[in-house]
Amino acid sequence: MLYGLVRRKSFHNAVPLGAISIAAYLREQGHEVQVVDAPAHDIGYEEVCGEVNRFGPDAVGVGATSVIWHSAVTMSKMLKDRFGVPVFVGGPHPSLYPEHAMEAEGVDVVVFGEGEETTVEFIDALIAGRSLHQLQGINGLAFRTEDGRVVKNEDRIPKMHLDDAPVPAYDLLDLSKYSAPPMRVRQMPAVYMELFRGCAYARCTYCTSGGGLKNRYRRHSPKRAAEKVFEIHQRWGAREVAFVDDDFVVGKEWIYDFCAELRKLGNPVSWTCYVRASQVDAGIFSSMKAAGCHQVLIGMEVLDNAALVALRKDLTIQSCGEAVRAAHSAGLSVIGLFMAGIPNTTPDSVFETVRIALEQEVDVAVFSLYRPPPGSPEYEELGWGPEEYIDCFKKQKDAVYLPQGWTDLKQVEEVFAQAYRRFYLDPGFMKRAAQKAFSDPILARNIAKGAVTLADQFRPEWMRLGLRDRYRPKDRLTR
Ligand code: B12
Ligand code: SF4
């Protein structure tokens, strides 16, 4: 079996956690698995087919987020045509839109939601002789009946305790090809890792983790979590971990215990994670720092109390400020995550956000443009469906939603670009960054790498387009 995993190349190659989690689980159940990560190897459709041919699988899975759905469809069709084996798809996009995913030519089956148990049941069913049209009763699966009707089985409620899940199959990847975002890495090799499933809060109006991708929240026990971190360090040499979990600190007990377990194991890696400002304090941060954490990412979105209420963030300007101060007092740096063009905000809310973030001395600010998720009132208002949602991610720097009171989408884009400029070209920020870089060579390197990434924000639009078109290879699965 082989995964042709397609995803869009980012400024770094991220470990395809979804595919290697499923691969590890399948392997544990006695199946032979291979993973092909096209973006990491910078290969196109033909080369992926070459890899598939070498392995000679009995079935092929393709993973996809929304932004790369169309490449995933092209890939699936090619694999189906060339090899004639069952082709199944999974990942965030098919999970949000199982029926839409079933419309794609070349796709036999959709695995929606968490994929481990569903994929194993599906493969076992094929081995047991069931046809692709008789997959009733396998929860988390959509398929086509003999007469072409699409059937979406019930949602799957995973039984597996995360402690019992195998460590993802990092060994099926060439770890030298991967990293985490430059500003999150102090040591190499750096990998992504997951310790939780779902988000404990799951209420924010703009986020699919609170809506369509609502996985059942659960987590590893602190001891097993630390052991797994240790294992990826020992077996594969990882020295840095970027935890992908939506909300790493839920309740004090777990985080204190986890940090204590990591310390017992000699702090095998340096690490970073996402936290919610309302869940943290100086004590928690000190414990995390003592266990190897060097940075936290905090989603603050917009520093405007009324807008935060509308987003159901359960945050205020004050709680965000307190979290940033607590992190700094423990010696952690802070990446602030913000958005431009959110409903119930004005351009001034964004500029005020930048001003407050600078005042709070947030170390790195990442801005994104608001994209209404399925189920939100704005998604309904725009009359969107799956294709519009896919499209909105393809236009990275184009605004797609016009909040009331803004003149036009161009204004949203301009405010977004200005937010970056105001933050990074602020003399106080530049002075602080220079001072920190002077005393910390790793940080200096990261700032340089981050600046290259950010350079795009400071380049005129015509130049960005020109460069993109000239250097984008035509048959790559990346863009
Ligand atoms: C780490 C991360 C990144 C990393 C790496 C992404 C990667 N590995 O490709 C980086 C920073 C590069 C990134 C970039 C982007 N990301 Co991102 N990212 C995440 C994050 C935080 C964790 C992903 C992860 O590894 N999870 C752990 C694994 C185990 O879970 P999983 O991938 O969902 O896999 C399970 C199932 O989906 C399924 N499955 C997965 N793959 C497959 C394959 C097969 C064959 C099968 C059968 C099943 C299956 O089974 C898995 C195990 O149960 C998620 C949020 C989240 N908490 O999941 C967002 C998330 C995936 N990202 C998202 C977005 C929007 C983006 C960007 C578009 C952001 C941007 N504007 O640029 C880009 C697009 C990147 C791309 N090429 O697709 C959205 C995707 C929404 C969507 N509809 O597609 C998410 C869900 C965040 C959100 N809540 O909105 N991201
Ligand atoms: S934004 Fe974060 S806290 Fe809010 S629902 Fe999404 S993952 Fe959970």
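As the structure lists them, so they are numbered: ligands from 1, and atoms in each ligand from 1. Start at 1 with the first residue, then count along the sequence.
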Can [X] be said to touch ligand 1, with heavy atoms closer than 4.0 Å?
X      : value
Pro94  : no
Thr118 : no
Ser368 : no
Arg197 : yes

Which option out of [options] puts a heavy atom nearest to [atom]?
atom                    : options                      : answer
atom 56 (C) of ligand 1 : Leu26, Val60, Asp246, Val67  : Asp246
atom 32 (O) of ligand 1 : Ala14, Pro168, Gly18, Cys204 : Gly18
atom 43 (C) of ligand 1 : Ala180, Gly63, Pro158, Ser66 : Gly63

Please list, in number order, the atoms of ligand 1 under 4.0 Å from a heavy atom of [X].
X      : result
Leu96  : 83 (N)
Ser209 : 89 (N)
Tyr389 : 83 (N)
Gly113 : 36 (C), 38 (C)
Thr65  : 76 (C), 78 (O), 84 (O)
Gly61  : 45 (C)
Val62  : 45 (C)
Glu114 : 53 (O)

When the ring centroid of Phe367 is compared with that of Phe416, is the distance short of 6.0 Å?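 Ring centroids of Phe367 and Phe416 are no less than 6.0 Å from each other.
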
Taking atom types as modelled, find out whether [X] and [Y] have a side-chain donor-acceptor pair closer than 3.5 angstrom.
X      : Y      : answer
Tyr217 : Asp247 : no
Glu387 : His70  : yes
Glu240 : His294 : yes
Thr316 : Ser319 : yes
His31  : Asp124 : yes
Thr118 : Arg156 : yes
Tyr201 : Gln279 : no

Does any N or O atom in [X] lie less than 3.5 angstrom from one in ligand 1, N or O only?
X      : value
Glu116 : yes
Gly115 : yes
Thr208 : yes

Sum up the protein N, O or S atoms located under 2.8 Å from atom 4 (Fe) of ligand 2.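 Count of protein N, O, S atoms less than 2.8 Å from atom 4 (Fe) of ligand 2: 1.
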
Output all residues satisfying ring-ring contact (aromatic ring centres under 6.0 Å, His included) with Phe196, sequence neighbours left out; order by chain, then residue number.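 Phe248, Trp254.
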
May I have the step-by-step check of salt bridge (charged side-chain N to carboxylate O under 4.0 Å, His left out) for Glu388 and Arg371, ending in yes or no? CA-CA 11 Å; Glu388 289 79 7; Arg371 306 194 181 282; over 6 Å; no

Please confirm whether the backbone N or O of Arg203 pairs with a side-chain atom of Arg312, one donor and one acceptor, at under 3.5 Å?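 Side chain of Arg312 to backbone of Arg203: a pair is present.
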
For the side chain of Asn344 and the backbone of Ala306, is there at least one donor-acceptor N/O pair under 3.5 Å apart?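 A pair under 3.5 Å: no.
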
If you apply the rule salt bridge (charged side-chain N to carboxylate O under 4.0 Å, His left out), what do you find for Arg54 with Glu51, and how did you get there? CA-CA 5 Å; Arg54 242 188 301 285; Glu51 293 293 321; 2.7 Å; yes

Can you tell whether the side chains of Asp171 and Arg235 come within less than 4.0 Å, N to carboxylate O?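 The answer is no: the pair does not qualify as a salt bridge.
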
Presence of salt bridge, Arg421 and Glu414, under 4.0 angstrom: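 Answer for the salt bridge query: yes.
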
Between [X] and ligand 1, which part of the residue brings a heavy atom under 4.0 Å of the ligand: side chain, backbone, both or neither?
X      : result
Val244 : both
Asp245 : neither
Glu194 : side chain

In terms of relative ring orientation, are Trp271 and Phe243 parallel, tilted or perpendicular, with 30° and 60° separating the classes?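 Perpendicular.
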
Within less than 4.0 angstrom of ligand 2, does Tyr206 place any heavy atom?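 True for this residue.
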
Does Glu381, at its CD atom, have more than 12 non-hydrogen atoms belonging to other residues, nucleotides or ligands within less than 6.0 Å?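 Yes, because the 6.0 Å sphere around CD of Glu381 holds more than 12 heavy atoms from other groups.
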
